[in-house]
Amino acid sequence: MSEHEEYLSQGESFEQEQNELTKRRLEELEELKKGNINPYTYSFEVSNYSSEILKSFKDDVPFENVAIAGRIMSLRRMGKASFCHVQDSRGRIQVYIRRDDLSEAYDQFKLMDIGDIVGVKGFVFRTKTGEVSIHAKHLELLSKSIRSLPIVKEKVDEQGNKVVYDPFADKELRYRQRYVDLVVNPEVRDVFVKRAKVVSSVRKFLDDKGYLEVETPILQPLYGGASARPFVTHHNALDIELYLRISDELYLKRLIVGGFEGVYEIGKDFRNEGMDKSHNPEFTMMELYVAYKDYDWMMSLVEELVHFVCVSVTGGSRVKVGENEIDFTPPWKRVTMLDSIREFTAEDLNGKSELELANAAKRLHVEVEPSMGAGKIIDAIFSERVEAKLIQPTFITDYPIEMSPLAKRHRSKQGLVERFELMCNGQELANAFSELNDPLDQRSRFEDQARLRARGDEEAMVIDEDFLRALEYGMPPTAGLGIGIDRLTMLLTNQESIRDVIFFPQMKPEKQ
RNA sequence: GGGGCUGUAGCUCAGUGGUUAGAGCAUCUGCCUUUUAAGCAGAGGGUCGCUGGUUCGAUCCCAGCCAGCCUCACCA
């Protein structure tokens, strides 16, 4: 049995359909080895990048001795000369290969395919038709591809628009084989480069303010800080259940108790809930806690932070998102939850009883259940009648106390807490409050949650005695903030699905 | 979980209750030393998502299942 037959017989790593194409590639691989060519080399001295060459080449100035490496993305063979495009991390450049310049290396070139990774040395020139290209003096196979890539072709039409033929567009394949998506769809790479810029600019902003980046446990004996169902796992040595964190909040506040005056964490949270275009089971959250500050102060910080990130990532203060243009120039509108409802529904819910609230909900065609308290009814009306209409960044402030067991009571408004959410493009982007630091109040709020849990609310918070103990030692007045990094990235890159800003979104397992 | 749409060649997609299921790209053979959606001539490639049913006959009709997308609900 030949080497490639043996490889193909090894079953599952090759689907049936790929066999013919792969078999051919494996034959080439053997031929290369027979010719003493290592198809998987160790290194190559790269001295140039495609985009830099294209940008800096001037026709009258000789540009010699360039060396690039990348993947062959197109191939036009014309007997004793050929053209191909080589794609590196910064773009693509055409390479001209002539038998006369390469002699026996041209025979190797005949065994190369689209998808192979090559190193090219040569000089830069402009072809008859005007494309800046590399005239190869040396061509070397660096890594052989034995699985054929989807072939996407492009043309620039008379109007100068890029036309794409046979796009690799199947969303399932794109998410499952993101490596292929990234190779073949250059705009996908751009989104993730911007995502990295979102994270680094958030970090820079907070570092420059003097806040300390910290890491707290992801595996937690108790979960808390949000209303959500957790993932459960098991630690063998201790023989205990552990939960994947649903938020960082309670640990970060312990650090404020410990004397840090500003701490933040950027990391993954995990929530065992449904998935849709704005929810992935694991997602990236930034949480910040600053001592001696309140939620009013935090609103100004959020304006400054998000504006800074927007400028860093996009170069400006305005972003096109779908049909809308969003302007992040501060200051942003600040409106209480009840006022926003009055503004969009003409219902004034201020000081209304539970029965009056239920009637208002009915008038607005918002479904309410008998079990819902005043706070939940207000929240339901807001979610259904207001939220989607908030396109420009808007702070919604002063939430009902029942929904916010970790937020401090409002200094002047009965039944409300000092909390705000930043709404933008009809979605929540940030959530913040004056943190509850009264241990007696915190304990009674936890107990309210425990009662909800006993009634079957699986998302109600569990009592965290160690957190209460920390508060009993005394926590300074503190402002806290959480920003969903994935959703911020969606906005700044104009992506409508969270799956398009996460490299490997959660998928059902692939069928065998 | 409800509703809608989709699944045909490696990729993008046509198509039909009836002989051997098509196109472009990709692949293979031949020609071609400035091409570019390269071209010209030829060739190979399919469990028509899976299972069952109706039928003389199913890729097509029906049912169930699987997977994906959209949407509603739930959920932050």
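Throughout, a chain's letter reflects where its sequence line sits, starting with A, and its residues are numbered from 1.
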*Asks:* In terms of side-chain heavy atoms of A:Glu131, which of B:U36, B:G68, B:C11 is nearest?
*Replies:* B:U36

*Asks:* With nearest nucleotides of RNA chain B determined for A:Asp166 and A:Lys155 from heavy-atom distances, which residue corresponds to the more 5′ nucleotide?
*Replies:* A:Asp166

*Asks:* Please determine, for the side chain of A:His279, which listed nucleotide (B:C70, B:U36, B:C75) has the closest atom?
*Replies:* B:C75

*Asks:* Side-chain N or O of A:Lys128 versus OP1/OP2 of B:U36: is the shortest distance under 4.0 Å?
*Replies:* no

*Asks:* Under 4.0 Å from OP1 or OP2 of B:U35: is there any side-chain N or O of A:Arg76 that close?
*Replies:* no

*Asks:* Side chain of A:Arg499, heavy atoms from C-beta onward: which of B:G68, B:U33, B:C69 has the nearest atom to it?
*Replies:* B:C69

*Asks:* Does A:Arg24 make a side-chain N or O approach to OP1 or OP2 of B:A26 shorter than 4.0 Å?
*Replies:* no

*Asks:* So which one's nearest nucleotide on RNA chain B is more toward 5', A:Tyr165 or A:Ser227?
*Replies:* A:Tyr165

*Asks:* Would you call A:Glu52-A:Lys55 a salt bridge at under 4.0 Å N-O?
*Replies:* no

*Asks:* So that I can tick it off, tell me whether A:Asp181 and A:Arg178 are bridged by a salt bridge, with the cut-off set at under 4.0 angstrom between side-chain N and carboxylate O.
*Replies:* yes

*Asks:* From B:U34, B:G68, B:C32, pick the nucleotide closest to the side chain of A:Lys80?
*Replies:* B:C32

*Asks:* Under the 6.0 Å and 45° cation-pi test, does A:Arg77 pair with A:Phe109?
*Replies:* yes

*Asks:* Consider the side chain of A:Tyr175, meaning its heavy atoms from C-beta on, and name the nucleotide among B:C11, B:C69, B:U33 that approaches it most closely.
*Replies:* B:C69

*Asks:* Heavy atoms only, 4.0 Å cut-off, all strands: where does A:Gln94 land among base, sugar-phosphate and nothing?
*Replies:* base

*Asks:* Please tell me which of the listed nucleotides, B:U34, B:C74, B:U33, lies nearest to the side chain of A:Phe83?
*Replies:* B:U34

*Asks:* Under 4.0 Å between a side-chain N/O of A:Lys277 and OP1 or OP2 of B:C70, yes or no?
*Replies:* no

*Asks:* Is it true that A:Glu303 and A:Arg334 make a salt bridge, defined as a side-chain N closer than 4.0 Å to a carboxylate O?
*Replies:* yes

